[in-house]
Amino acid sequence: MDIKTTPQDQATIIDLSGRFDASVAETFKETVENKILSGNYKFVVDLAQVNYIDSGGLGSMVTALRQARERGGDILLAEPSDKLRSLFALTRLTRLFDIYDDREIAVNTICKPVTTG
């Protein structure tokens, strides 16, 4: 699997490609942890090029989400295949993650200023 990060607006885009399995789960978590330590708490994970995710990959995403949310941030998922979307629904991770069909919409959503009423 290949992991590439790109800053965009107030978020970090994480582009993943290939198999997201237990063998790369720790690398993914470390990538997010390093960005969080640098003060980045908002992430969009682009899944367009991911063809497989196992329980190790899913677990690392949940861990990263928890770390981001503890600091007032979030992780949004973008452009999963129908197969991956079904996996997120089956595992009920759609209750934790917001999933977007379009990466730019995800970026615009996470970068929106928070207003209090």
(message) If we ignore hydrogens and angles and just use 3.5 Å, is the side chain of D54 paired with the main-chain N or O of G56 as donor and acceptor?
(response) yes

(request) For P80 and I99, work out which heavy atoms get closest and say how close. (result) CG-CG2, 3.5 Å

(request) State the CG-CZ distance between N108 and R103, to the nearest 0.5 angstrom. (result) 12.0 Å

(message) Show the nearest heavy-atom pair for residues M61 and I75, with the distance to one decimal.
(response) O-CD1, 4.5 Å

(message) For a 4.5 angstrom cut-off between non-hydrogen side-chain atoms, does L65 reach F43?
(response) no

(request) Compare all side-chain heavy atoms of F97 with those of V45 and state whether any distance is below 4.5 angstrom. (result) no

(message) I need the T94 OG1 to L87 CG distance, nearest 0.5 Å.
(response) 10.5 Å

(message) Measuring from atom CD of E70 to atom OH of Y41, what distance do you get when rounded to the nearest 0.5 angstrom?
(response) 11.5 Å

(message) Can you give me the closest heavy-atom contact between A78 and A106, atom names plus distance?
(response) CB-CB, 4.3 Å

(message) For a 4.5 angstrom cut-off between non-hydrogen side-chain atoms, does T27 reach I3?
(response) yes

(message) Which residues pass the side-chain contact (heavy atoms from CB on, under 4.5 Å) test with S23, not counting sequence neighbours?
(response) D21

(message) Quick one, F88 and L47 - any side-chain contact, counting heavy atoms below 4.5 Å?
(response) yes

(request) Give the C-alpha distance, both sets of side-chain angles, the deciding distance and a yes or no for side chain to side chain contact (heavy atoms under 4.5 Å, CB included) between I36 and E33. (result) CA-CA 5 Å; I36 287 172; E33 287 171 7; 5.6 Å; no

(request) Using the rule that two of Ile, Leu, Val, Met, Phe, Trp, Tyr join whenever any of their side-chain heavy atoms come within less than 4.5 Å, decide whether V24 and L84 are in one cluster. (result) yes

(request) Measure across S17 and V50 and return the closest heavy-atom pair with its distance rounded to 0.1 Å. (result) N-CG2, 4.2 Å

(message) Could you go through V44 and Q8, starting from their C-alpha distance and side-chain angles, then the distance that decides it, and tell me whether this counts as side chain to side chain contact (heavy atoms under 4.5 Å, CB included)?
(response) CA-CA 10 Å; V44 173; Q8 185 170 343; over 6 Å; no

(request) Quickly, which of I14, L77, D15 forms a side-chain contact (heavy atoms from CB on, under 4.5 Å) with D46? Name it, please. (result) D15

(message) If hydrophobic clusters are built by linking Ile, Leu, Val, Met, Phe, Trp and Tyr wherever their side-chain heavy atoms come under 4.5 Å apart, do F20 and V32 end up in the same one?
(response) yes

(message) Could you tell me if the side chain of V62 sits less than 4.5 Å from the side chain of L58, heavy atoms only?
(response) no

(message) Looking at every non-hydrogen atom in both residues, tell me the closest pair between F28 and S60 and how far apart they are.
(response) CD2-OG, 3.6 Å

(request) With rounding to the nearest 0.5 Å, note down the distance linking CD1 in I53 to CG in L16. (result) 8.0 Å

(request) For D102, look at atom CG and say whether over 12 heavy atoms of other residues, nucleotides or ligands are found less than 6.0 Å away. (result) yes

(request) State the CD1-CD distance between I105 and E79, to the nearest 0.5 angstrom. (result) 9.5 Å

(request) Walk me through it: do R19 and N51 pass the test side chain to side chain contact (heavy atoms under 4.5 Å, CB included)? (result) CA-CA 6 Å; R19 295 176 56 92; N51 54 28; 3.6 Å; yes

(request) Starting at CZ of R71, measure out to CZ of R66 and round the result to the nearest 0.5 Å. (result) 10.5 Å

(message) Set out, in order, the CA-CA distance, both residues' side-chain angles and the distance that settles side chain to side chain contact (heavy atoms under 4.5 Å, CB included) for R69 and D74, then state yes or no.
(response) CA-CA 5 Å; R69 286 187 175 164; D74 204 353; 3.1 Å; yes

